[in-house]
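Below is one structure; the comments refer to it alone.
It should be emphasised that the depicted structure is a prediction, and the values quoted were computed from it without experimental measurement. Convention: sequence-line order gives letters A, B, ...; per-chain numbering from 1.
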There are 2 protein chains.
Amino acid sequence: MTAATDIASSAVSVDAVVLRVGADGAEVLIHRRAAEPFAGDWALPGVLLGAGERISDAAIRAAGKAGVSAAAVDGVGQLVVFDEPHRDPRGPTLSISAWVAVRGFEPSDPETARWVSWEALPPLAFDHTRILADVRPVLADKLWRDLTFTAALTGSEFSVRTALDVTRSLTGSDVDRGNLNRTLKRIAVRSDRESSSGVGRPGALWRWP
Amino acid sequence: MTAATDIASSAVSVDAVVLRVGADGAEVLIHRRAAEPFAGDWALPGVLLGAGERISDAAIRAAGKAGVSAAAVDGVGQLVVFDEPHRDPRGPTLSISAWVAVRGFEPSDPETARWVSWEALPPLAFDHTRILADVRPVLADKLWRDLTFTAALTGSEFSVRTALDVTRSLTGSDVDRGNLNRTLKRIAVRSDRESSSGVGRPGALWRWP
DNA sequence: ACAAAAGTGTTAAAATTACACCCATGG
DNA sequence: CCATGGGTGTAATTTTAACACTTTTGT
């Protein structure tokens, strides 16, 4: 008998905090649950962790349940484990939360999956509201300090506007453009220029070294 | 059928990084494994997480395997999840690492369990050497910033000497006494005095607010 | 010309770092 | 009185923060 079959452990799920950079800065992907419990409710995409499966692989699989293809994923990382015994009505289930950075994905059906800003989150199934509340400061702390996370989120090239929006959306407060520009000068490199946004002076693009 | 029984998930263990403040600063408790695999080898105390069991409870239970009574535990907290599929020869097993701060425990048999400094760690079973290496900077980061962790580790009253030793043992480098004193002035409060250590000028004791 | 957005400069405050010097105790 | 360890002071550097001013674009 093996360790994987002879013990009565909690089930283990991986709940994905799928992030992209949108108009409101960092946005979270939520989808409507197809199965019970909480069928039809908005929730973070989650899967049960398979035997021997890596957490990052499970997180990508979870993002897939909301329509995200593995090719659209730029990075994954673990966050916090939630172990409250009654968080799942089916029985004790651990939730390992993980961030998944995604680029270029738009849900086909906005009734089934959609991007939401951190300020406009609807009520979510399970303890997912709590998960997002707990996880937001962790993400804010990683920003501009954990370069793996930050680069995955921003993509290879990004504007100062993007940087400002992402920071504000995760920290909840405004940041100074000049100061953030100096931070970028320390940790990133400039490339060409860009405007496209329309009005105003075009800004530089930043890349990761 | 419930979520806890119908899936083929990895087993979940909680491995305790049991810490105390000793002569070398923060020290880790290791014990000899009683069962296979790695029977007789030094390892972190670990347990399989029971269904519905809290991670902190499992961590205390794990510390108990090395002889620590629950009453000696001052605090517990989760650290990192290790998910490498071959880390346990019995089969895929997650390891949730957790810190456990302990006061006033001395192993009865030094051949079965002992406190070791971070510099003098013997080879450990499983990936436990790797776990400690990964976890040390996380603990160093928590020190003097996560007050729950710090207070549990130092105990209610501690000297500057203790503070210095703990910092050096976790960061690996020396800290300035004057500067650390000022940090304490910001986050803690003084009480009376103490010497007992013998030689040298007696120092103040610090307490948590 | 004007508004909007980006770039740069300046300055004050705070934190970090590295020392230096003086004080209290045991032997 | 001297070695050992503790407390306080100081100064240079770096980081953080807040704000002002200039530049480039579209309308």
Exercise. Do any N or O atoms from the side chain of B/Arg103 and from the backbone of B/Val73 form a donor-acceptor pair under 3.5 angstrom?
Worked result: no
Problem set entry | Interatomic distance where CZ belongs to A/Arg190 and C1' belongs to C/dT8 [whole Å] | 10 Å
For this session: State which of C/dG7, C/dA6, D/dT4 makes the closest approach to the side chain of A/Arg161.
Result: C/dA6
Exercise. From C/dG7, C/dT8, D/dT8, pick the nucleotide closest to the side chain of A/Arg177?
Worked result: C/dG7
Problem set entry | N-O pairing of B/Arg130 and B/Asp134 below 4.0 Å | yes
Exercise. Would one find a side-chain N or O of B/Lys185 under 4.0 angstrom from OP1 or OP2 of D/dG7?
Worked result: no
For this session: Consider the side chain of A/Pro202, meaning its heavy atoms from C-beta on, and name the nucleotide among D/dT25, D/dG7, D/dT8 that approaches it most closely.
Result: D/dT25
Problem set entry | Aromatic ring proximity, centroids under 6.0 angstrom, A/Trp144 and A/Phe149 | no
Exercise. Salt bridge check: are A/Arg136 and A/Asp141 linked by an N-O gap of less than 4.0 Å?
Worked result: no
For this session: Without swapping roles, check the side chain of B/Arg32 against the backbone of B/Glu111 for a donor-acceptor pair under 3.5 Å.
Result: yes
For this session: Using the ring of B/Trp118 (Phe, Tyr or Trp, six-membered ring only), decide whether B/Arg168 places NZ or CZ under 6.0 Å from its centre and within 45 degrees of its axis.
Result: no
Distances under 3.5 Å only, N/O to N/O: pair up the protein atoms with those of nucleotides 15-18 of chain D.
residue : atom : partner  : partner atom : Å
D/dA17  : N7   : A/Asn179 : OD1          : 3.4
D/dA17  : N7   : A/Asn179 : ND2          : 3.4
D/dA18  : N7   : A/Asn179 : ND2          : 3.0
D/dA18  : N6   : A/Asn179 : OD1          : 3.2
D/dA18  : N6   : A/Arg182 : NH2          : 3.4

Exercise. Is a donor-acceptor contact shorter than 3.5 angstrom present between the side chain of B/Arg201 and the base of D/dG7?
Worked result: no
For this session: Could you check how far CG of A/Leu184 sits from P of C/dA6, rounded to whole Å?
Result: 13 Å
For this session: Whole angstrom is fine here: how far is it from CG in A/Asn181 over to C1' in D/dT23?
Result: 14 Å
Problem set entry | Spacing of B/Leu164 atom CG relative to D/dG5 atom P, expressed in whole Å | 12 Å
For this session: Look at the side chain of B/Val199 and decide which nucleotide, out of D/dT4, D/dG6, C/dT8, has an atom nearest to it.
Result: D/dT4
